[in-house]
Every structure is written in structure tokens, then in C-alpha cells.
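Here the structure is laid out as C-alpha cells; the discussion comes afterwards.
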Amino acid sequence: MTTPAHVAIIMDGNGRWAKARGLPRLAGHRAGVEALRKTVRAAPGLGISYLTVYAFSSENWSRPKSEVSDLMGLLKLFIRRDLAELHQNGVRVRIIGDKAGLQPDIRDLLDEAEQLTLHNRSLTLVIAFNYGGRDEIVRAARKLAAAVASGEIDSDAITAERFAGALDTADIPDPELVIRTSGELRLSNFLLWQAAYAELVFLPCYWPDFSREHLADALRDFAGRERRFGGLAPQNVAL
Ligand code: FPP
């Protein structure tokens with residue numbers, strides 16, 4: 001079976017999961033963190049090397065202040081409580097998104113997690129936090145524009161490959177599979193550049209209910225897809 005090296009997940013539906021149970025949204029996000037833990041534990045055994053999760057988007061700031069603060073608190077708690085286990089299990093933590101827009105204590109915590117786990121190789125857990133695909137592309141374009149303006153590079157030298165090297169994911173291969181839970185059928189500004197050729201799997205379950213079996217099913221679905229990257233299927237090449 002062909003397994004994607006990199007799986008990216010839009011963890012959607014925490015709020016609706018909580019509402020269906022008459023619970024506050026925070027309870028849904030807490031259950032979401034638990035689902036994330038289980039997914040991280042399951043990923044290496046399923047042959048996944050990179051797992052990217054959309055934890056807080058650059059648009060999530062528009063939510064009520066209390067929910068934004070809850071999500072910041074949960075991230076801190078997750079790093080504080082789980083970092084030792086992640087490190088012990090050989091998980092490398094990488095953050096993508098605009099760190100500059102985060103509070104200094106959160107930034108420090110994220111930096112610490114990245115530094116501590118830098119050499120781990122069993123799984124790279126990429127946490128997209130204060131992340132937006134358009135924002136990432138704009139930041140990359142600014143970096144390259146500054147390099148052109150200073151004469152460091154010529155604008156003709158900017159290829160798609162070079163552009164990708166200016167993104168937050170410079171050292172991370174593109175995701176082959178993007179999964180979104182909760183039944184919504186869109187990318188919501190997630191990995192816009194990197195997901196250009198990704199296979200998409202949309203699941204009806206809310207994120208807190210996501211399990212190892214859902215992940216294994218999505219991998220089976222992926223394995224059955226024919227990926228052409230704009231080319232032709234092998235059986236049609238000679239026709
Ligand atoms: C979408 O559900 C989920 C989020 C905006 C945040 C995802 C966060 C977690 C899984 C927990 C936090 C994880 C870390 C590492 C801090 P929603 O709130 O949009 O749900 P809804 O669409 O049903 O309202």
C-alpha cells in the first residue's frame with residue numbers, strides 16, 4: 001500500500017461536538033486536544049513521517065476573546081504537558097505560522113519545543129499556529145522582494161522551488177494527503193501552496209471523535225487514488 005509521508009489535518013468540529021452534548025465550546029477544544037494526542041501516537045505506526053495540524057488560523061483571532069484565550073491556553077498546556085512524552089517518543093515539533101504575532105511567553109514555549117526536539121526523527125509534528133496560507137505566501141514574497149532589492153538575488157532566479165524555500169515549510173515535503181473532519185468541504189486557507197497536488201479526504205465526523213481507524217481508512221482511500229500531477233495515467237501514455 002502506498003502511504004503518504006506527509007498527512008495534514010484540518011481538525012474541525014470541536015464546537016459542534018460540544019454543542020451536541022450541551023457542553024461549552026472549551027470542552028470541545030479539550031476533547032480535540034485528546035484526539036490530537038491519539039493521532040500523534042498512532043501516526044508513526046501507520047507509516048506517516050510528517051503530520052501537520054491546523055491548530056489556530058490567522059483568521060481565528062476574530063472569535064470571541066474568551067475562546068481565543070482558551071485556545072492559547074490549550075496550546076500552552078499541550079506543550080507543557082506533552083513535550084516530555086513527545087520527545088521521549090522521538091517526535092520532532094515544528095511550528096508554522098506567524099510567530100511574531102504571538103505573545104512572547106507562547107513564542108518562547110514554541111521555540112523551546114522546537115529546540116528540544118530538533119534531532120528527533122520518528123515523526124515530525126508540524127503545528128500550524130497563527131497560520132494562514134495567504135499570510136505565509138505574502139511573508140515569503142516579502143522575503144524574496146527584500147533579497148532582490150538588496151541585490152542578493154536576481155528576480156529571474158525566483159523559481160517555484162526557490163519560492164517554496166521561502167515558505168514556513170521550507171524543510172518539509174508537501175503533504176500528499178489533506179484530511180478535514182466535520183463535513184465541511186473546503187481548505188480554509190490551509191497550506192494553499194503546499195497542497196497543490198494533495199489528495200483530499202473529507203470526513204463527516206467531528207474532530208474529537210477522530211480515531212486511529214479514521215486515519216487508517218483515510219490512508220486506504222489515499223492508496224486507491226491515481227495521482228497524475230497534471231500528466232497522464234501510465235496506461236494512457238502510449239496511446
Ligand atoms: C475547529 O473547530 C478547531 C479549531 C479552530 C482549533 C483546533 C484546535 C484543537 C484541536 C485543540 C487545540 C490544539 C492545540 C494544539 C492547541 P471549531 O471550533 O471551528 O468547531 P466548529 O466549526 O464546530 O465550531
Side-chain angles (χ1 to χ4, degrees), residues 7-43 50-87 89 91-99 101-103 105-114 116-117 123-133 135 168 178-191 202-212 214-215:
V7 176
I9 306 184
I10 303 175
M11 310 181 288
D12 195 13
N14 296 345
R16 278 163 284 171
W17 182 93
K19 194 173 178 193
R21 286 162 180 75
L23 297 169
R25 292 179 62 83
L26 175 58
H29 293 313
R30 283 202 182 115
V33 175
E34 195 46 42
L36 172 61
R37 270 191 196 106
K38 288 187 196 154
T39 305
V40 171
R41 287 181 193 139
Y50 294 83
L51 178 72
T52 298
V53 292
Y54 206 4
F56 190 87
S57 81
S58 37
E59 286 71 38
N60 285 154
W61 294 105
S62 66
R63 293 190 177 202
K65 250 185 171 173
S66 58
E67 183 166 348
V68 168
S69 152
D70 285 345
L71 287 166
M72 295 293 152
L74 280 177
L75 174 75
K76 285 197 249 184
L77 207 62
F78 176 70
I79 299 285
R80 289 202 183 113
R81 281 205 188 145
D82 291 56
L83 187 58
E85 180 190 326
L86 292 169
H87 187 41
N89 292 339
V91 177
R92 179 182 177 195
V93 177
R94 277 277 279 109
I95 309 298
I96 57 169
D98 187 8
K99 270 196 204 160
L102 295 171
Q103 284 167 0
D105 61 329
I106 296 191
R107 236 169 21 221
D108 291 348
L109 207 56
L110 297 178
D111 286 344
E112 184 195 322
E114 286 188 305
L116 176 73
T117 61
L123 174 76
T124 297
L125 171 63
V126 184
I127 303 177
F129 205 85
N130 195 21
Y131 175 87
D135 176 66
D168 296 349
V178 175
I179 300 170
R180 180 173 188 148
T181 57
S182 94
E184 310 285 356
L185 307 179
R186 52 181 173 265
L187 279 179
S188 299
N189 207 11
F190 187 46
L191 301 176
F202 297 101
L203 300 174
C205 76
Y206 294 142
W207 172 249
D209 292 326
F210 187 83
S211 65
R212 186 185 191 281
H214 288 103
L215 183 55

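Just so you know, ligand 1 is whichever comes first in the structure, and atom 1 is the first atom listed for that ligand. This chain uses plain numbering: 1 for the first residue, then up along the sequence.
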Go through it in stages, so that I can follow the logic: the residues are Arg94 and Thr117, the test is side-chain hydrogen bond (donor to acceptor under 3.5 Å, both in side chains), and I'd like the CA-CA distance, side-chain angles, deciding distance and then a yes or no.
CA-CA 9 Å; Arg94 277 277 279 109; Thr117 61; over 6 Å; no

Short N-O contact, Arg107 and Glu112, less than 4.0 angstrom
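A salt bridge is absent here (no side-chain N lies under 4.0 Å from a carboxylate O).
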
Check this for me - ligand 1, Arg25, N or O atoms closer than 3.5 angstrom, yes or no?
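Among all N and O atoms of Arg25, at least one is under 3.5 Å from an N or O of ligand 1.
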
Taking N or O atoms only and a 3.5 Å limit, does Asn14 qualify as a polar contact for ligand 1?
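Among all N and O atoms of Asn14, at least one is under 3.5 Å from an N or O of ligand 1.
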
Working to the nearest 0.5 Å, report the span between CG of Asp209 and CG of Leu203.
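Asp209 atom CG to Leu203 atom CG measures 11.5 Å (nearest 0.5 Å).
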
Inter-residue atom distance Leu71.CG - Leu26.CG, 0.5 Å rounding
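Here the rounded value is 8.5 Å.
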
Heavy-atom pair with the smallest gap, counting every atom of [X] and [Y]:
X: Ala35; Y: Phe210; result: CB-O, 4.2 Å
X: Tyr54; Y: Met11; result: O-CE, 3.4 Å
X: Tyr131; Y: Asn189; result: CE2-O, 3.7 Å

Nearest heavy atom to [atom] wins, so pick from [options].
atom: atom 20 (O) of ligand 1; options: Gly183, Gly15, Ala35; answer: Gly15
atom: atom 7 (C) of ligand 1; options: Gly28, Pro208, Ala55, Ala31; answer: Ala55
atom: atom 16 (C) of ligand 1; options: Leu75, Asp70, Ile127; answer: Leu75
atom: atom 18 (O) of ligand 1; options: Arg63, Lys19, Arg16; answer: Arg63
atom: atom 5 (C) of ligand 1; options: Ile79, Asp82, Asp12, Asn60; answer: Asn60

When you look for heavy atoms under 4.0 Å from ligand 1, do you find them on the side chain of Trp207, its backbone, both, or neither?
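The answer is the side chain of Trp207.
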
Just to be sure I read this right, does ligand 1 sit under 4.0 Å from the backbone of Leu36, its side chain, both, or neither, counting only heavy atoms?
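Just the side chain.
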
Indicate whether the side chain of Thr39 and that of Arg212 have a donor and an acceptor atom separated by less than 3.5 Å.
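Side-chain D/A pair, Thr39 to Arg212: absent.
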
List every atom of ligand 1 that sits less than 4.0 Å from any heavy atom of His29, numbering the atoms from 1 in the order shown and giving each element.
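Atoms satisfying the 4.0 Å criterion: 11 (C), 18 (O).
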
Which atoms from ligand 1 have a heavy atom of Val33 less than 4.0 Å away?
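That gives atoms 11 (C), 12 (C), 13 (C) of ligand 1.
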
Atom 3 (C) of ligand 1 - nearest protein heavy atom and its distance
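Of every protein heavy atom, Met11 O, 3.1 Å lies nearest to atom 3 (C) of ligand 1.
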
